[in-house]
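Just so you know, residue 1 is the first one in the sequence shown, and it goes up from there.
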Amino acid sequence: MPDFPAGFRWGVSTSAYQIEGATTVDGRGPSIWDTFAHEAGRIVDGSTGDQACDHYHRHAEDTALLAGLGVSAYRFSIAWPRVQPTGAGPANTAGLDFYDRLVDGLLAAGIDPVATLFHWDLPQPLEDAGGWLHRDTAARFAEYADLTATRLGDRVKLWITLNEPFIHMTLGYGIGTHAPGRALLFDAFPAAHHQLLGHGLAVAALRARTASPVAIANNYSPVRQVGDTDADRAAAQAYDALHNRLFTDPLLGRGYPDAPGLDPAVIRDGDLDVLAAPIDVLGVNYYNPTGVRAPEEGSPLPFEMVPLDGYPRTAFNWPVAPDGLRELLRQLHHRYGDALPPIQVTESGCAYDDAPDAQGRVDDPDRIAYLDGHVRAVHEAMAEGLPVTGYFVWSLLDNWEWAEGFTKRFGLVHVDYPTQRRTPKSSYAWFRDLVRR
Ligand code: FCB
């Protein structure tokens, strides 16, 4: 493995609902994921995040795992319903106390706390009022950002407003396979605009409370056009606009691209200036490229997604394509030039069916190969002069993978859910050695 510059930020990522459990403890209110997971048929194995990895009670053990890994940063998310159980009103001190303990534990271990404010667990009362389809949710989000930064702004080293607003809009409001389970297809656009508006308002709220840098974590997937007709080209462009540009162009001052579903009536005067509040870092979550071709006649979508041949696959059936990460980093640079802030890879990882062997060891060579390829891709992009400042693995622990429940394991650390026993996998040792070097 080639050398990385000193100061390169190595880390791992998690999110609140996927690991914390303790969903009714210390005044936490219900989130849309509590509601959704408890509805029959939503989650493949019928599980919920009620217990997850019980990180709420085991955070000291998990911080020790981070320290053993030697990472310089840990990206976690804050559960909005712990801070504001109903999504409005004063802060719930007991909820913030938990993050206070976590942050202090990280700092004591020499690890920079990187906090995401919204990783999809909207307080249920806000969803009852319309969720992100409702403009007021953006203002509520800024208020929550203010309360949180008032308590933690002196110690969190990097703030991330939203996690993957594209995925939240598409799966949560577009097709309904994620909470809140709405299937509005292209009528979901208000959930895009209001998340971005909330981001912009939260950036302003954070700036007033902290000197730490502020970012957003977007999901990107370079598009591989399948077929060579004009219709295929148009389909690839439409998908690219939706997935890769809708949540980035306006942030970097370009306004909205011509994306399917975009409804100008939702955008009010002045909004685009709020969205374009300067950010210090662009968080990039990358998993795989997407194959796209022209849709069948009569399809409700202006594109069709198709499996890409010739790649190994993860347990999620996602293609393993490190070249896609390099391509994506180049594309961001090419698209935004000087307007592009430094990039932090905020998620990169893979699911495999890892299980302990007879000796209790968990050997995951496929994950090591995956990470090795993606880390090298980052290095190559940096050698070309692209501004990448860090790489975070998704995820520290095997955890509750949304609609897939406990069936997909992404961790460097294996979790036996019934006993909550943590076992570092061979990829944990591999990553530790890489970070050490
Ligand atoms: C990302 C999410 C993260 C996790 C990984 C596998 O889209 O941000 O919570 O589910 O995918």
(message) So Pro341 and Leu252, do their side chains get closer than 4.5 Å, heavy atoms only?
(response) yes
(message) Could you report the tightest heavy-atom contact between Ala217 and Ile160, atom names first, then the distance?
(response) N-CG2, 3.6 Å
(message) Apply side-chain contact (heavy atoms from CB on, under 4.5 Å) to residues Leu246 and Phe189 and explain how you reach the verdict.
(response) CA-CA 10 Å; Leu246 187 64; Phe189 175 72; 4.2 Å; yes
(message) I need the minimum non-hydrogen distance between Gln344 and Gly390, along with the two atoms involved.
(response) NE2-C, 3.2 Å
(request) Compute the centroid of each ring, for Phe141 and then for His199, and state whether the two points are separated by less than 6.0 Å. (result) no
(request) Verify the neighbour count for atom CZ of Arg268: are there more than 12 heavy atoms of other residues, nucleotides or ligands below 6.0 Å? (result) no
(message) Just so I know, are the side chains of Pro250 and Leu196 near enough to count as touching, which here means a heavy-atom distance under 4.5 Å?
(response) yes
(request) Determine whether Tyr417 and Val415 make a side-chain contact, defined as any pair of heavy atoms from C-beta on separated by less than 4.5 Å. (result) yes
(request) Please lay out, stage by stage, how Glu20 and Arg82 fare under the test salt bridge (Lys or Arg N to Asp or Glu O under 4.0 Å). (result) CA-CA 11 Å; Glu20 285 179 0; Arg82 288 199 195 281; 2.7 Å; yes
(request) Using only heavy-atom distances, determine whether the side chains of Thr150 and Arg209 contain a donor-acceptor pair under 3.5 Å. (result) yes
(message) Checking the side chain of Ser395 only, and the main-chain atoms of Ser13 only, is there a donor and an acceptor separated by less than 3.5 Å?
(response) yes
(message) Is there a side-chain contact between Asn92 and Leu96 in this structure, where contact means two heavy atoms from C-beta onward sitting under 4.5 Å apart?
(response) no
(message) Working note: Arg140 + Glu143, criterion salt bridge (Lys or Arg N to Asp or Glu O under 4.0 Å); need CA distance, chi angles, decisive distance, verdict.
(response) CA-CA 5 Å; Arg140 298 282 71 75; Glu143 193 179 287; 2.8 Å; yes
(message) Regarding Glu347 and Tyr287, do their side chains bring together a donor and an acceptor under 3.5 Å, going by distance alone?
(response) yes
(request) Evaluate the ring planes of Trp10 and Tyr391, with Trp represented by its six-membered ring, and classify them as parallel (under 30°), tilted (30 to 60°) or perpendicular (over 60°). (result) perpendicular
(message) Pair Tyr336, Asp249 - check side chain to side chain donor-acceptor pair (under 3.5 Å), show working.
(response) CA-CA 8 Å; Tyr336 302 110; Asp249 284 16; 2.4 Å; yes
(message) Nearest 0.5 angstrom please: Leu412 CG to Leu396 CG, how far?
(response) 6.5 Å
(request) For Arg437 and Asp433, run salt bridge (Lys or Arg N to Asp or Glu O under 4.0 Å): C-alpha distance rounded to whole Å, both residues' side-chain angles, the deciding distance at 0.1 Å, then the answer. (result) CA-CA 6 Å; Arg437 265 211 307 280; Asp433 293 347; over 6 Å; no
(request) Heavy atoms only: give me the nearest Val435-Gly70 pair and the separation to one decimal. (result) CG1-O, 3.2 Å
(request) Give a yes-or-no answer on whether the side chains of Ser427 and Asp364 include a donor-acceptor pair shorter than 3.5 Å. (result) yes
(message) What I'd like to find out is whether the side chain of Val114 reaches to under 4.5 Å of the side chain of Val156, using heavy atoms alone.
(response) no
(request) Verify the ring-centre separation between Tyr220 and Tyr286: is it less than 6.0 angstrom? (result) no
(message) Distance check, rounded to the nearest 0.5 Å: Ile216 atom CD1 versus Leu162 atom CG?
(response) 4.5 Å
(message) Quick one about Gln124 and Asp128 (side-chain donor to acceptor, distance below 3.5 Å, no hydrogens or angles considered), yes or no?
(response) yes
(message) On a heavy-atom basis, which atom in Val266 and which in Asp271 lie closest, and how many Å separate them?
(response) O-OD2, 4.2 Å
(request) Kindly give the heavy-atom pair with the smallest separation between Leu102 and Thr63, and that separation in Å. (result) CD1-OG1, 4.1 Å
(request) From the options Trp33, Trp402, Tyr173, Tyr17, select the one residue that forms a ring pair (Phe, Tyr, Trp, His ring centres under 6.0 Å) with Trp120. (result) Trp402
(request) Would you kindly say whether Ser31 and Trp80 are connected by a side-chain donor-acceptor distance under 3.5 Å? (result) no
(message) Test your reading of the model: is there a side-chain donor-acceptor pair from Arg155 to the backbone of Arg151, 3.5 Å cut-off?
(response) yes
(request) Test side chain to side chain donor-acceptor pair (under 3.5 Å) on Tyr74 and Thr14 and set out the steps. (result) CA-CA 8 Å; Tyr74 171 51; Thr14 63; 2.7 Å; yes
(request) Run the ring-centre check on Trp132 versus Phe118 and record whether the distance is less than 6.0 Å. (result) yes
(request) Just say parallel, tilted or perpendicular for the rings of His379 and Phe4, cut-offs at 30° and 60°. (result) perpendicular
(request) Take Thr346 and Asn285 through the side chain to side chain donor-acceptor pair (under 3.5 Å) test and state the conclusion after the steps. (result) CA-CA 5 Å; Thr346 33; Asn285 294 1; 2.6 Å; yes
(request) Ignoring hydrogens and angles, state whether a donor on the side chain of Tyr56 or Asp26 is under 3.5 Å from an acceptor on the partner side chain. (result) yes
(request) Could you walk me through whether Asp398 and Arg409 pass salt bridge (Lys or Arg N to Asp or Glu O under 4.0 Å), step by step? (result) CA-CA 5 Å; Asp398 289 343; Arg409 295 181 175 273; 2.6 Å; yes
(request) Verify whether one side chain among Gln420 and Asp54 offers a donor that lies under 3.5 Å from an acceptor in the other. (result) no
(message) Over 60° means perpendicular and under 30° means parallel, so tell me whether Phe76 and Tyr99 are parallel, tilted or perpendicular.
(response) parallel
(request) Determine whether more than 12 heavy atoms belonging to other residues, nucleotides or ligands lie under 6.0 Å from atom CG of Asp258. (result) no
(request) Take Val284 and Asn218 through the test side-chain contact (heavy atoms from CB on, under 4.5 Å) and record every step on the way to the result. (result) CA-CA 5 Å; Val284 165; Asn218 272 329; over 6 Å; no
(message) Please tell me whether Thr290 and Arg224 have a donor and an acceptor in their side chains that are separated by less than 3.5 angstrom.
(response) no
(message) Quick one, Ser348 with Tyr370, criterion side chain to side chain donor-acceptor pair (under 3.5 Å). Give me CA distance, side-chain angles, the key distance, then yes/no.
(response) CA-CA 9 Å; Ser348 170; Tyr370 184 102; 4.9 Å; no
(request) Examine the side chains of Asp136 and His194 and answer whether a donor and an acceptor come within less than 3.5 Å of each other. (result) no
(message) Can you tell me how the ring of Phe98 sits relative to the ring of His55, calling it parallel under 30°, perpendicular over 60° and tilted otherwise?
(response) perpendicular
(request) Give a yes or no answer on whether the side chain of Thr389 reaches the backbone of Ile343 with a donor-acceptor pair at less than 3.5 Å. (result) yes
(message) Under 3.5 Å, is there a donor on one side chain and an acceptor on the other for His414 and Asp354?
(response) no
(message) Are the side chains of Pro123 and Thr86 in contact, using a 4.5 Å heavy-atom criterion?
(response) no
(message) We want to know whether Asp45 and Thr407 form a side-chain donor-acceptor pair, criterion being a heavy-atom distance below 3.5 angstrom.
(response) no
(message) Regarding Asn163 and Asn219, do their side chains bring together a donor and an acceptor under 3.5 Å, going by distance alone?
(response) no
(request) Determine whether Thr23 and Arg28 make a side-chain contact, defined as any pair of heavy atoms from C-beta on separated by less than 4.5 Å. (result) yes
(message) What I'd like to find out is whether the side chain of His374 reaches to under 4.5 Å of the side chain of Val378, using heavy atoms alone.
(response) no
(request) Please report the closest heavy-atom contact between Lys425 and Val413, naming both atoms and the distance. (result) CE-C, 3.8 Å
(request) Applying side-chain contact (heavy atoms from CB on, under 4.5 Å), run through Arg335 and Arg254 and close with a yes or a no. (result) CA-CA 10 Å; Arg335 271 191 181 152; Arg254 304 283 171 94; 5.5 Å; no
(message) Using 0.5 Å steps for rounding, measure from the CG atom of Leu325 to the CZ atom of Arg330.
(response) 10.5 Å
